[in-house]
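Each remark here refers to the structure printed beneath this line.
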Number of protein chains: 2
Amino acid sequence: MAHSHDLPADLTRNQGLVLSALNHSEGPLSAYDILDKLRGDGLRAPLQVYRALDKLVERGLAHRLESLNAFVACADEHCHRKGLIAFAICEGCGKVDEFADGVIEERLGDWAGAKGFRVERTTMEIRGKCGACVGV
Amino acid sequence: MAHSHDLPADLTRNQGLVLSALNHSEGPLSAYDILDKLRGDGLRAPLQVYRALDKLVERGLAHRLESLNAFVACADEHCHRKGLIAFAICEGCGKVDEFADGVIEERLGDWAGAKGFRVERTTMEIRGKCGACVGV
DNA sequence: TCATTTATGTTATAGCATAACGTCACCACA
DNA sequence: TGTGGTGACGTTATGCTATAACATAAATGA
Ligand SMILES: [Zn+2]
Ligand SMILES: [Zn+2]
Ligand SMILES: [Zn+2]
Ligand SMILES: [Zn+2]
């Protein structure tokens with residue numbers, strides 16, 4: 001777990017603070033969680049956090065988890081994934097596992113093609129219990 | 001489109017009102033949208049709607065769209081689907097297309113099996129433009 | 001009958017997200 | 001040089017989404 005969390009050099013101050021907060025968290029954080037962690041660094045308003053999150057998500061450095069109204073740092077530390085990303089969220093420990101699956105993506109593409117639907121983005125979130133929490 | 005929207009007989013009054021509101025809507029409705037539609041029927045508080053929605057979602061008569069914080073009636077009018085359900089949400093006209101895909105479900109099951117993750121529920125939502133709105 | 005459960009109604013509050021305003025720094029280019 | 005465009009920033013106020021807590025009433029079932 002002791003990896004470096006190097007931030008891209010061209011982030012603004014607020015973006016860097018927010019990404020750093022996400023990187024150092026064990027699990028997803030809401031925008032208000034992040035704000036609370038960063039009050040000591042001078043952040044005062046939700047919008048400061050939301051604006052930074054918008055940029056980070058846009059660049060693929062962070063992801064929004066729709067079913068939690070929360071955010072995580074991208075788990076792919078350097079080469080941020082393209083295409084469909086799925087998240088497995090453990091209800092027990094709160095950890096999030098990020099993965100990509102080409103087969104699912106292709107399958108979805110087939111459905112969209114057949115329907116004439118133009119996909120812009122896809123949310124895929126699995127809720128349940130991770131191996132550790134299921135107590136196998 | 002002129003189908004009957006028969007409601008299950010054992011719904012409570014509030015559940016029936018809420019499901020009926022969803023059935024008669026062209027697109028997803030937020031809990032507050034529903035509340036506004038039902039004020040004339042005596043509903044006054046968000047909780048009345050949320051409680052009804054909880055039951056409807058539990059029974060598969062309605063679905064929650066996480067990426068919209070909104071709800072739709074199940075499109076499978078009588079035999080409500082089991083298992084993984086996906087939603088394609090059009091950003092243009094707001095319509096939602098509900099579908100199931102066994103291949104995706106199986107693929108997800110494989111991933112979960114390999115990881116020891118116990119899946120409890122899955123959210124899958126595609127955002128984009130439907131055939132009509134993409135203007136083919 | 002009486003305990004249990006389930007639905008209901010109401011008020012208040014918590015949690016998530018954006019509108020609307022103004023300021024400032026930076027950069028392209030006239 | 002300056003001037004307009006762009007994008008980040010800060011602040012206040014507001015709106016939307018969801019639940020806590022408490023009281024009441026109806027249905028269920030030994
Ligand atoms: Zn990622
Ligand atoms: Zn876990
Ligand atoms: Zn359905
Ligand atoms: Zn459309």
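This one's a predicted model, so the numbers in the text were calculated from it and none came from an experiment.
Listed by residue number, B:Arg44, B:Ala45, B:Leu47, B:Gln48, B:Arg51, B:Lys55 are the residues of residues 44-66 of chain B with a heavy-atom contact under 4.0 Å to DNA chain C.
With sequence neighbours left out, the side-chain hydrogen bond (donor to acceptor under 3.5 Å, both in side chains) criterion links A:Glu105 to no other residue.
With respect to the salt-bridge test (charged N to carboxylate O, under 4.0 angstrom), the residues B:Arg59 and B:Asp10 qualify. Comment: B:Arg64 does not engage B:Glu125 in a salt bridge, judged by the lack of any side-chain N to carboxylate O separation of less than 4.0 angstrom.
Nucleotides of DNA chain C lying under 4.0 Å from heavy atoms of chain B occupy a range whose first and last members, 5' to 3', are C:dA7 to C:dT11. With a cutoff of under 4.0 Å to any heavy atom of chain A, the contacted region of DNA chain D is bounded 5' to 3' by D:dA8 to D:dT12.
A heavy-atom distance below 4.5 Å is found between the side chains of A:Glu98 and A:Cys74. Counting only heavy atoms from C-beta outward, the side chains of B:Val57 and B:Phe71 approach each other to under 4.5 Å.
Along DNA chain D, the nucleotide nearest A:Gly42 and the nucleotide nearest A:Tyr32 are compared for position; the residue whose nucleotide lies closer to the 5' end is A:Gly42.
In the hydrophobic clustering of this structure, A:Ile89 does not group with B:Leu108; members are Ile, Leu, Val, Met, Phe, Trp, Tyr whose side-chain heavy atoms approach within less than 4.5 Å, directly or through other members.
With values rounded to the nearest 0.5 angstrom, B:Asp97 atom CG is found 9.0 Å from B:Ile126 atom CD1.
Pairs passing the side-chain hydrogen bond (donor to acceptor under 3.5 Å, both in side chains) check and including a residue from residues 30-46 of chain B, sequence neighbours excluded, read B:Ser30-B:Asp33, B:Asp36-B:Arg39. Legend: side-chain hydrogen bond (donor to acceptor under 3.5 Å, both in side chains) pairs involving residues 45-54 of chain A, not counting sequence neighbours: none detected.
No hydrogens or angles considered: nothing links the side chains of A:Arg127 and B:Thr122 as a donor-acceptor pair under 3.5 Å.
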